[in-house]
Number of protein chains: 2
Amino acid sequence: MQSDIYNIGQAAKASGISAKMIRHYEEVGLLPAASRTFSGYRTYSHQDVHMLRFIRHSRDLGFSIKQISDLLSLWRDRNRPSSKVKQMASEHIEMLNQKIQELITMKSELTRLVSCCHGDERPDCPILDELAQDK
Amino acid sequence: MQSDIYNIGQAAKASGISAKMIRHYEEVGLLPAASRTFSGYRTYSHQDVHMLRFIRHSRDLGFSIKQISDLLSLWRDRNRPSSKVKQMASEHIEMLNQKIQELITMKSELTRLVSCCHGDERPDCPILDELAQDK
DNA sequence: ACTTGACCTTGCCATAATTGTAAGGTCTAA
DNA sequence: TTAGACCTTACAATTATGGCAAGGTCAAGT
């Protein structure tokens, strides 16, 4: 924990991002290429792990890799206007809202169908009936 | 509309599923292989289009291809117990609920962060601060 | 030294549903 | 006969993540 040099497994444990994904993020350019030991092992500094944590938190909020990439740029930019960050976050909230609404619509519709179905051993089923409707 | 023979484009228009996806559903086994004209064009009957509509409705409710496949089996089974359908639907509602909750959690957290951010030209940004937190 | 086990490397495949693209064959109407 | 619309297959890309395989490396115990 106090050492400044991590290999990928230690960085993974410390950041909560799997080694697999750390390599992937490097490959797609979200992370700069890690420096390597003589034998080819990736090495990470405390700063690197800090960045990985930033990525994980962003990911946990549902940001895409592209968005996280932009957030990282803003993070590194000491002259960023906070308005840019706020706007990105707000837009993401809007996207979340949209997805939530879609799912709620599905759920409501399905709940309605379920409440119409006896759910016994007989074959009559309003759920199937409605799915089959030409509508 | 009254003809009983559709080619893939007409079936797509009539069902609301793209021709591309109709081919895909056939390839992965959700649909039986369509019969063909002499020159190799797929042909669909009114019944087939009916099934495609069933698939679209199921898809619109968020069922996976595997689940739709099971729903189709139940649909075709004249001796199905409606309880099976109801159970599938109920389980799907549970899954939708879970996803909805995840998204709502993200949204709440992000909304909290956004409300803390001035969103002006200055660089201070609690959103970035929290993303960067070691936590 | 030598072996063992844990860990690292790359590369490829798979997921789920959908879209795009490319190269080529077919049908229809002018 | 030709143009344009539509069909065919095959392959790639998307998004984020996991799995596997074959092989190199490191550290600890014998």
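Reminder, nothing fancy here: chain letters follow the sequence lines and each chain counts from 1. Note that this is a predicted model, so its numbers are computed, not measured.
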* To do: Map A/Gly40 and B/Thr37 onto DNA chain C by nearest heavy atom, then report which one ends up closer to the 5' terminus.
  =>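 The residue whose closest nucleotide sits nearer the 5' end is A/Gly40.
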
* Is B/Glu109 paired with B/Arg112 through a side-chain N to carboxylate O contact shorter than 4.0 Å? ->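 Salt bridge present between B/Arg112 and B/Glu109.
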
Nearest whole Å is fine: how far is [N] [atom2] from [X] [atom1]?
X: A/Phe63; N: D/dT17; atom1: CZ; atom2: C1'; value: 20 Å
X: B/Tyr6; N: D/dC6; atom1: OH; atom2: P; value: 17 Å
X: A/Arg36; N: C/dC8; atom1: CZ; atom2: P; value: 12 Å
X: B/Ile5; N: D/dC7; atom1: CD1; atom2: P; value: 15 Å
X: B/Glu27; N: C/dT18; atom1: CD; atom2: P; value: 14 Å
X: B/Lys13; N: D/dC7; atom1: NZ; atom2: C1'; value: 14 Å
X: A/His24; N: D/dG19; atom1: NE2; atom2: P; value: 15 Å
X: A/Gln67; N: D/dT15; atom1: CD; atom2: P; value: 11 Å

* To do: For D/dA16, take OP1 and OP2 only and decide whether either is under 4.0 Å from a side-chain N or O of A/Arg56.
  =>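 Answer no for this pair, as no side-chain N or O of A/Arg56 is under 4.0 Å from OP1 or OP2.
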
* **Phosphate OP1/OP2 of C/dC8 contacted by A/Arg42 side-chain N/O (<4.0 Å)** =>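 For A/Arg42, the contact criterion (side-chain N or O under 4.0 Å from OP1 or OP2 of C/dC8) is not met.
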
Assign [X] to base, sugar-phosphate, or nothing according to its heavy-atom contacts below 4.0 angstrom with the strands shown.
X: A/Ser64; value: sugar-phosphate
X: B/Ser18; value: sugar-phosphate
X: A/Tyr25; value: sugar-phosphate

* Asked: Can you find an N or O donor on one side and an acceptor on the other, under 3.5 Å apart, linking the side chain of A/Lys66 with the base of D/dT15?
  ->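 Absent.
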
* To do: Answer yes or no: does atom NZ of B/Lys86 have more than 12 heavy-atom neighbours from other residues, nucleotides or ligands under 6.0 Å?
  =>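 Enclosed.
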
* 4.5 Å side-chain heavy-atom contact, A/Gln133 and B/Phe54 ->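 A/Gln133 does not reach B/Phe54 side chain to side chain.
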
Which nucleotide, [options], lies nearest any side-chain atom of [X]?
X: B/Asn7; options: D/dC7, D/dA16, C/dT19; result: D/dC7
X: A/Ser39; options: D/dT17, D/dT9, D/dC26; result: D/dC26
X: A/Arg23; options: C/dA17, C/dT26, C/dT10; result: C/dT10
X: B/Lys20; options: D/dA10, C/dT9, D/dT8; result: D/dA10
X: B/Ile8; options: C/dT18, D/dA10, D/dC7; result: D/dC7
X: A/Met21; options: C/dT19, C/dT10, D/dG18; result: D/dG18
X: B/Tyr41; options: D/dT25, C/dT19, C/dC27; result: C/dC27

* Asked: Without hydrogens or angle criteria, can the side chains of B/Asp48 and B/Ser45 be said to hold a donor-acceptor pair below 3.5 Å?
  ->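 Note: B/Asp48 and B/Ser45 side chains meet the donor-acceptor criterion.
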
* Does one side chain, of B/Glu94 or B/Gln98, offer a donor that lies under 3.5 Å from an acceptor on the other? ->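 Looking only at side-chain atoms, B/Gln98 and B/Glu94 do not form any donor-acceptor pair under 3.5 Å.
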
* Dump the intermediate steps for side chain to side chain donor-acceptor pair (under 3.5 Å) on A/Thr43 and A/Ser35, then the final yes or no. => CA-CA 6 Å; A/Thr43 61; A/Ser35 47; 3.0 Å; yes

